[in-house]
Engineer: 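If you scroll down you'll find the structure; I have some questions about it.
Since we're looking at a predicted model, the values are computed, not measured.
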Amino acid sequence: MDKQAEFVLRTIEERDIRFVRLWFTDVLGTLKSVAIAPAELEGAFAEGIGFDGSAIEGFTRVYESDMIAKPDPATFSMLPWRSEGPGAARLFCDILMPDGTPSQADPRFVLKRTLTKAAEMGYTFYTHPEVEFYLLENRPRAGELPMAADQYGYFDNTPHGPSADFRREAIMMLEAMGISVEFSHHEAGPGQQEIDLRYADALTTADNLMTFRLVCQEVALEQGMYASFMPKPFTQHPGSGMHTHVSLFEGDRNAFYEAGAPLQLSKIGRSFIAGLLMHAPEITAVTNQWVNSYKRLLGGAEAPAWVCWGHNNSSALVRVPMYKPDKGNSTRIELRSPDSATNPYLAFALILAAGLKGIEQGYELPPGAEEDVWALTETERRALGMKPLPTSLGQALDVMERSELVAETLGEHVFDFFLRNKQAEWDDYRGQVSQWELDRYLPRL
């Protein structure tokens, strides 16, 4: 048994933890959990815990249902919201087949496989997400409209308001679990929040995001509210994105930084951006995986709809933040399309794969966008060489289905299941008669 596993077992005994929750996600990014007694954990570290994979979305078929969840001791953390009664802790799991090989359906393995490719090229991939979401008065029932928990706006100071209290409690819980928060504030929409996680390697960040969403929902429920990561719950207010800052390191050196280069951005950094731009339409079905995601991308308000990059330009798909003197290791790029309801394991895998393809193939970076992209006409955008992102889930799936990059990165199993599942979602949506149609057409047709 390795030292990390021994440390976990010793900590569980010392802190009198009675429940150990093993976490993993399905292909769509839904968090799954099974609780085991502490006495079972040593065996779980050695052999894993068997479960019926056919009951998990996208994992396996009924006649080959046996799967194994093997906890990763490096992900051990106490659950701070279980303050009363026996203590509880959690560990993320890798999903294995009965013969001990990694499951091709495990989103965490999809990301680990892509990170291994980066490591073979000499790179470590770091991510830093800015997570936006809405606080609602309560969880809406079917047919009910969402009601924002407050009426404040961007950066508003809200003393003794529900949002400030919520953010304080959520951040304290996250930090108690070892998840560092860099910034937090009220966003532009009423009830809309932003909490930015400190940069970390992509696998740690993906685990942290799954934890983050659950912590926010737990804290909101404790305070009589509901935290929603739906990309656009309000027609008239901004959607919730997850602007993601990314960088590659070679050992301790930032591979995106080159002193004296334009924007201090290295050839590797420029090719990485070019890869993102080239393959952005192909990966959008995963970074924006819900029908509702495209209501956000369509609506402006700093949500990108056109494939372009710019220096410190918040209207572009890819933004290169301003370089700070003597801070070469903070050089990074920001992808602004993902939303906070994505499966972070699959999204990070595809973002990395697109950038690495740009490096491998030596893609050339086109000229950057200097203007406010939303202020240009469609003709002007096309004249500047910009192409649109998909405008619906249906369009995004059509582009994804033809993508060798996405198929190779996700693997055959995840690729096929994701397409089938999302095509069914799109078909179901297209068949619905909306309230907008009833209000517009029923009185006069």
Engineer: With sequence neighbours excluded, what pairs up with Ile68 under the side chain to side chain contact (heavy atoms under 4.5 Å, CB included) test?
Structural biologist: Leu96
Engineer: When you measure from the side chain of Asn138 to the backbone of Met225, do you find a donor-acceptor pair of N or O atoms at a distance under 3.5 Å?
Structural biologist: no
Engineer: Does the Ser240 side chain pair with the main chain of Val131, one donor and one acceptor, at a distance under 3.5 Å?
Structural biologist: no
Engineer: Are Asp106 and Lys112 close enough for a salt bridge, meaning some N to O gap below 4.0 Å?
Structural biologist: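 Salt bridge flag = no for Lys112 with Asp106.
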Engineer: Where the side chain of Lys232 meets the backbone of Thr235, is there a donor-acceptor pair that is under 3.5 Å apart?
Structural biologist: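 Answer holds: yes.
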Engineer: Would you find a donor on one side and an acceptor on the other, under 3.5 Å apart, between the side chain of Thr30 and the backbone of Asp26?
Structural biologist: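 The answer is no, because no donor-acceptor pair under 3.5 Å joins these two groups.
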Engineer: So how far is it from Phe272 CZ to Ile333 CD1, rounded to the nearest 0.5 Å?
Structural biologist: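 CD1 of Ile333 is found 5.0 Å from CZ of Phe272.
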Engineer: Can you find a heavy atom in the side chain of Pro304 that is under 4.5 Å from one in the side chain of Val373?
Structural biologist: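 The answer is no, as the side chains (C-beta and beyond) never meet within the 4.5 Å cut-off.
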Engineer: Drop me the distance from Leu209's CG to Asp207's CG, to the nearest 0.5 angstrom.
Structural biologist: 9.0 Å
Engineer: When you compare the side chain of Phe212 with that of Phe229, does any pair of heavy atoms fall below 4.5 Å?
Structural biologist: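 Counting from C-beta outward, Phe229 and Phe212 do come under 4.5 Å.
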Engineer: Do Pro71 and Cys93 come within less than 4.5 Å of each other through their side chains, counting heavy atoms only?
Structural biologist: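 Answer yes - side chains close enough.
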Engineer: Please name all residues satisfying side chain to side chain contact (heavy atoms under 4.5 Å, CB included) with Ala349, sequence neighbours left out, ordered by chain then number.
Structural biologist: Val110, Leu111, Thr114, Thr409
Engineer: Given side chains that start at C-beta, do those of Gln193 and His186 come closer than 4.5 Å, heavy atoms only?
Structural biologist: yes
Engineer: Walk me through it: do Phe24 and Phe51 pass the test ring-ring contact (aromatic ring centres under 6.0 Å, His included)?
Structural biologist: CA-CA 12 Å; Phe24 57 94; Phe51 70 99; 5.2 Å; yes
Engineer: Any ring pair (Phe, Tyr, Trp, His ring centres under 6.0 Å) involving residues 234-255? Give me the pairs, sequence neighbours left out, ordered by first then second residue.
Structural biologist: Tyr126-Phe249, His128-His245, Tyr134-Phe234, Phe234-His237
Engineer: Side chains of Asn254 and Thr331: donor-acceptor distance under 3.5 Å anywhere?
Structural biologist: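 Thr331 and Asn254 do not have a side-chain donor-acceptor pair below 3.5 Å.
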Engineer: Given 3.5 Å as the limit, does a donor-acceptor pair link the side chain of Glu130 with the main chain of Glu194, or not?
Structural biologist: no
Engineer: Roughly how far, to the nearest 0.5 Å, is CE of Met177 from OG1 of Thr75?
Structural biologist: 9.5 Å
Engineer: After noting the C-alpha distance and the side-chain angles of Leu91 and Val20, does the key distance pass the side chain to side chain contact (heavy atoms under 4.5 Å, CB included) rule?
Structural biologist: CA-CA 8 Å; Leu91 296 116; Val20 179; 3.6 Å; yes
Engineer: Would you say Gln104 and Arg113 are linked by a side-chain donor-acceptor pair, where the criterion is simply a distance under 3.5 Å?
Structural biologist: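 Yes - a donor-acceptor pair under 3.5 Å links their side chains.
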Engineer: Under the side chain to side chain contact (heavy atoms under 4.5 Å, CB included) rule, collect the residues that match up with Glu144, sequence neighbours excluded.
Structural biologist: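 Applying side chain to side chain contact (heavy atoms under 4.5 Å, CB included) to Glu144 gives Pro140, Arg141.
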Engineer: Got a second to check how far Asn313's CG is from Glu334's CD, nearest 0.5 Å?
Structural biologist: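 That separation rounds to 10.5 Å.
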Engineer: Out of curiosity, Leu276 CG to Leu365 CG, how far, rounded to the nearest 0.5 Å?
Structural biologist: 10.5 Å
Engineer: Could you tell me if the side chain of Asn292 sits less than 4.5 Å from the side chain of Asp339, heavy atoms only?
Structural biologist: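 Sidechains of Asn292 and Asp339: no contact.
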Engineer: For Asp252, enumerate each residue passing the salt bridge (charged side-chain N to carboxylate O under 4.0 Å, His left out) test, keeping only those at least two apart in sequence or located in another chain.
Structural biologist: none
Engineer: Could you go step by step and tell me if Leu31 and Arg213 meet the side chain to side chain contact (heavy atoms under 4.5 Å, CB included) rule?
Structural biologist: CA-CA 9 Å; Leu31 186 65; Arg213 293 200 291 228; over 6 Å; no
Engineer: Would you indicate whether the side-chain heavy atoms of Leu135 and Gln223 approach each other to under 4.5 Å?
Structural biologist: no
Engineer: Applying ring pair (Phe, Tyr, Trp, His ring centres under 6.0 Å), name anything that partners Phe348, two or more places apart in sequence or on another chain.
Structural biologist: none
Engineer: Hey, can you pull the donor-acceptor pairs under 3.5 Å for the side chains in residues 387-394, sequence neighbours left out?
Structural biologist:
| from | atom 1 | to | atom 2 | distance (Å) |
| --- | --- | --- | --- | --- |
| Thr391 | OG1 | Gln395 | OE1 | 3.2 |
| Thr391 | OG1 | Gln395 | NE2 | 3.1 |
| Ser392 | OG | Gly394 | N | 3.4 |
| Ser392 | OG | Gln395 | N | 3.1 |

Engineer: Quick one: salt bridge (charged side-chain N to carboxylate O under 4.0 Å, His left out) partners of Glu120, sequence neighbours excluded?
Structural biologist: none
Engineer: For Glu404 and Lys357, what are the C-alpha separation, side-chain angles and deciding distance, and is it a side chain to side chain contact (heavy atoms under 4.5 Å, CB included)?
Structural biologist: CA-CA 11 Å; Glu404 292 183 9; Lys357 181 67 74 172; over 6 Å; no
Engineer: Short question: side chain of Ser340, backbone of Met242 - any donor-acceptor pair under 3.5 Å?
Structural biologist: no
Engineer: Before giving the answer on side chain to side chain contact (heavy atoms under 4.5 Å, CB included), spell out for Arg108 and Ile95 the whole-Å C-alpha distance, their side-chain angles and the decisive distance to 0.1 Å.
Structural biologist: CA-CA 8 Å; Arg108 202 167 187 262; Ile95 305 304; over 6 Å; no
Engineer: When you measure from the side chain of Trp309 to the backbone of Pro366, do you find a donor-acceptor pair of N or O atoms at a distance under 3.5 Å?
Structural biologist: yes
Engineer: Please determine whether salt bridge (Lys or Arg N to Asp or Glu O under 4.0 Å) holds for the pair Glu360 and Lys117, giving the CA-CA distance in whole Å, both sets of side-chain angles, and the decisive distance to 0.1 Å.
Structural biologist: CA-CA 12 Å; Glu360 288 177 313; Lys117 178 181 178 181; 3.5 Å; yes
Engineer: Given side chains that start at C-beta, do those of Ile36 and Leu22 come closer than 4.5 Å, heavy atoms only?
Structural biologist: yes
Engineer: Of the options Val399, Leu346, Val406, which is the one that meets Ile283 in a side-chain contact (heavy atoms from CB on, under 4.5 Å)?
Structural biologist: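 Considering Val399, Leu346, Val406, a side-chain contact (heavy atoms from CB on, under 4.5 Å) with Ile283 is found only for Val406.
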Engineer: Please determine whether a side-chain nitrogen of the Lys or Arg among Arg10 and Glu13 lies less than 4.0 Å from a carboxylate oxygen of the Asp or Glu.
Structural biologist: no
Engineer: Any carboxylate oxygen within less than 4.0 angstrom of a Lys/Arg side-chain nitrogen, looking at Glu132 and Arg296?
Structural biologist: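 Result for this pair is no, no salt bridge flagged.
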Engineer: Residues in side chain to side chain donor-acceptor pair (under 3.5 Å) with Tyr363, at least two apart?
Structural biologist: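 His279.
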Engineer: Heavy-atom count check: over 12 atoms from other residues, nucleotides or ligands less than 6.0 Å from Met121 CE?
Structural biologist: yes
Engineer: Any chance you could measure Glu187, atom CD, to His185, atom NE2, to the nearest 0.5 Å?
Structural biologist: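 Spacing of CD (Glu187) from NE2 (His185) equals 5.0 Å.
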Engineer: Counting distance only, does the side-chain N/O of Arg336 pair as donor-acceptor with the main-chain N or O of Ser314 below 3.5 Å?
Structural biologist: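 Yes; at least one donor-acceptor contact below 3.5 Å.
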Engineer: Output all residues satisfying side chain to side chain donor-acceptor pair (under 3.5 Å) with Thr211, sequence neighbours left out; order by chain, then residue number.
Structural biologist: Arg90
Engineer: Would you check if the side chain of Asn288 reaches a backbone N or O of Ser337 as a donor-acceptor pair within less than 3.5 Å?
Structural biologist: yes
Engineer: Sequence neighbours left out, what passes side chain to side chain donor-acceptor pair (under 3.5 Å) with Glu250? Give chain and number order.
Structural biologist: Arg253
Engineer: Any side-chain to backbone donor/acceptor pair from Asn343 onto Val27? Under 3.5 Å, distance only.
Structural biologist: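 Looks like yes, one N/O pair under 3.5 Å.
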Engineer: Quick one, Lys422 and Trp290 - any side-chain contact, counting heavy atoms below 4.5 Å?
Structural biologist: yes
Engineer: Applying ring pair (Phe, Tyr, Trp, His ring centres under 6.0 Å), name anything that partners Phe125, two or more places apart in sequence or on another chain.
Structural biologist: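 Phe125 satisfies ring pair (Phe, Tyr, Trp, His ring centres under 6.0 Å) with no other residue.
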